[in-house]
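Numbers restart at 1 for each chain; the letters A, B, ... are given by sequence-line order, proteins then strands.
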Amino acid sequence: MSRYLKSIWKCRYFWISLVQMDLRNRYRRSLLGLGWSLLHPIAMTAVLCTVFSKVFGQDPFEYAPSLLVGLCFWNFITTSTKDGCQCLFQGEKYIRQFPAPMAIYPLRTVLGASFHFLVAMLVVLVLRFSFKGFGGLASLLSLGPTLMLLLVLGWSLAVLAAFSTAHFPDVLHLSEVGLQILFYATPIIYPANVLQQRGLGWLIDYNPLASYLHLLREPLLAGHWPEFNMILTAEMSTVFMACAAMLTLARCEKRIIFQL
Amino acid sequence: MTSIDLNDVSLVFRVRQNRRVALKDFIVNRMFLRSVNPFMEIRALQNINLQIREGDRLGVIGHNGAGKSTLLKLLGGIYPPSGGRLKVRGVVSSLFDLSLGFEPEASGWENIAYRGYLQGETPHSLRDKMADIAEFSELGDFLNGPVRHYSNGMLVRLAFAVATAIEPEILLVDEVLSAGDMAFQKKARKRMEDMIATARLIVMVSHDMQSLLKFCNRALWLDHGQIQMIGKPLDVIAAYTEAMNSPTIPLPAAA
């Protein structure tokens, strides 16, 4: 295990420069640069906020940042999974020439996705400071561990997606369907309390993704520390996914080249 | 001390008759207990016993599909052995599939860096070598442009320049002496000779018997994934050429 981590660290310059290249290629194609990747979630937030703040009876100034956090979180999850499906094929030319640890290819995907996520979170912070002032700043400290959890979660998703796609080509399509269903089962566009009022609270209680959203929204938007049981749920889900990813790596890493 | 030990090593490719099966087909077919996608086993390497010691320059010969490149990739850690024990002591550098592995959108300089890092360079160590690599490749201003505009020959030049900028311990070479145009080939040959002189252990695959005779002190003849003969280059090459010229080529038992 520590030897494996060391081998990932040893080729850090390689995967770091690939992440840099991915980001550069993405922004090079657009005039707006960084703003381009923010345009989609912000436009979606604007549209959804106009409609659903009325439907759910929410204050638009509360609802918009919450929506933006939800959409960006979701974007991170889908990008990690869907780009994760392709990451081994994307790195195939290197895999065929150099025996580097396979974990770096999903890592490349997730670090790219994390960058976009972080930029979006900065926008959320600006919104929060301008709408709600500077109360509850200390609770922002909890975001550090939360982001680590998200990074591990994204990497695990990418590993699992990558190795299953290498065996079955339709995993990308199936995961798109699955993610679409999960999107509506997660309190992204609707506030959590709306479900609880209508007796659908169990949907949130049994959905671990809701706990990550709680961990993000409470400190970012309300200035509160997250609830303990939510932290525990998020941690346990992350550990579970990470274990699944590491088992997959341990079992399949050496032989995956025969599937590419 | 560098060494490579192969103890009864074999490598079996399990090739599927159809390409990859969709997960939904897999699940549906499993429910009806049908074999989804029968495997076809290809024994690429069989019962290879081989000791390579420090100072050895081993040349590998054999006809196409005999398993020469597969053997190199196994030694380089790209393929895991299906059976037997493989032990490699020393840092391996490999020269194969040279024109693969470029990022088409990135510039020549950036691609030098990516490959360099993958070979274990650091930004610091690479800085000293960058100019040398650029000069050796003779690509000049082309290095500033994206690699997608390069010709195949230019790609090979670039790859060769990066790959040979290392000081290897164990060097695995797969048929790269024929890289580039005439002028470059001459240069590449010189560079290879230098590397062969400094590397502590070399395994090279080539169809060029002259260079094998020149560079190697041992030779290995592979046939259908099995060792046919191993010994002094002159003897092995003589036996190999004779077998190729004689009408009855000794065929091993069908795999």
Side-chain angles (χ1 to χ4, degrees), chain A residues 6-29 85 88-102 104-105 108 161 163-175 177-178 250-260, chain B residues 11-16 19-27 36-37 39 42 44 69 73-82 88 92-107 110-126 146 159 163 172 174:
Chain A
K6 219 178 262 171
S7 66
I8 295 178
W9 180 245
K10 224 183 121 192
C11 54
R12 64 191 176 281
Y13 297 114
F14 173 63
W15 49 262
I16 290 173
S17 48
L18 285 187
V19 174
Q20 284 171 344
M21 180 191 68
D22 290 342
L23 294 176
R24 221 176 18 234
N25 281 347
R26 205 174 143 157
Y27 296 135
R28 207 181 262 166
R29 276 188 239 114
C85 286
L88 289 181
F89 296 107
Q90 201 185 12
E92 186 181 347
K93 48 186 178 239
Y94 301 113
I95 296 174
R96 288 197 179 284
Q97 287 192 69
F98 301 95
M102 295 295 162
I104 63 174
Y105 301 103
R108 166 190 181 181
F163 279 78
S164 41
T165 309
H167 284 94
F168 303 109
D170 58 341
V171 168
L172 177 62
H173 177 69
L174 290 175
S175 64
V177 176
R251 275 188 62 99
C252 307
E253 173 170 53
K254 285 267 185 296
R255 304 196 57 82
I256 197 70
I257 182 142
F258 299 130
Q259 302 290 343
L260 296 179
Chain B
L11 180 64
V12 180
F13 288 113
R14 299 221 287 174
V15 182
R16 285 184 171 149
R19 223 180 122 51
R20 294 181 300 149
V21 189
L23 182 60
K24 54 184 191 303
D25 297 338
F26 180 79
I27 292 170
V36 191
N37 194 358
F39 282 115
I42 295 176
S69 303
K73 291 203 162 176
L74 184 95
L75 299 180
I78 309 288
Y79 293 142
S82 316
V88 177
V92 179
S93 312
S94 41
L95 294 177
F96 35 69
D97 291 346
L98 273 189
S99 53
L100 284 178
F102 284 103
E103 292 295 340
E105 294 299 322
S107 74
E110 286 160 345
N111 271 295
I112 293 179
Y114 303 152
R115 289 197 149 220
Y117 294 151
L118 206 47
Q119 290 172 9
E121 301 285 344
T122 62
H124 184 77
S125 70
L126 200 60
L172 308 174
D174 190 355

**Request:** Please confirm whether the backbone N or O of Pro101(A) pairs with a side-chain atom of Ser7(A), one donor and one acceptor, at under 3.5 Å?
**Result:** no
**Item:** Side chain / backbone / both / neither for Leu11(B) at chain A, heavy atoms under 4.5 Å
**Value:** side chain
**Prompt:** Most heavy-atom pairs under 4.5 angstrom with chain B, which of Lys10(A), Lys254(A), Gln97(A)?
**Reply:** Gln97(A)
**Test item: Thr165(A) side-chain N/O and Ala161(A) main-chain N/O as donor-acceptor pair under 3.5 Å** = yes
Mind listing the side-chain donor-acceptor pairs of residues 14-21 of chain A below 3.5 Å, one per line with the distance, residues two or more places apart or on another chain?
| residue | atom | partner | partner atom | Å |
| --- | --- | --- | --- | --- |
| Trp15(A) | NE1 | Ile8(A) | O | 3.0 |
| Ser17(A) | OG | Tyr13(A) | O | 2.7 |
| Ser17(A) | OG | Phe14(A) | O | 2.9 |

**Asked** With only heavy atoms counted, which part of Ser93(B) is less than 4.5 Å from chain A, the side chain, the backbone, both or neither?
**Response** neither
**Fill in**
Okay, Tyr114(B) and chain A: the region with an atom under 4.5 Å from a heavy atom over there is both
**Asked** Side-chain donor-acceptor pair under 3.5 Å between Glu103(B) and Tyr94(A), yes or no?
**Response** yes
**Donor-acceptor under 3.5 Å (Arg12(A) side chain, Trp9(A) main chain)** = yes
**Complete:** If one checks every heavy atom of Phe98(A) against chain B at 4.5 Å, the contacting part turns out to be both
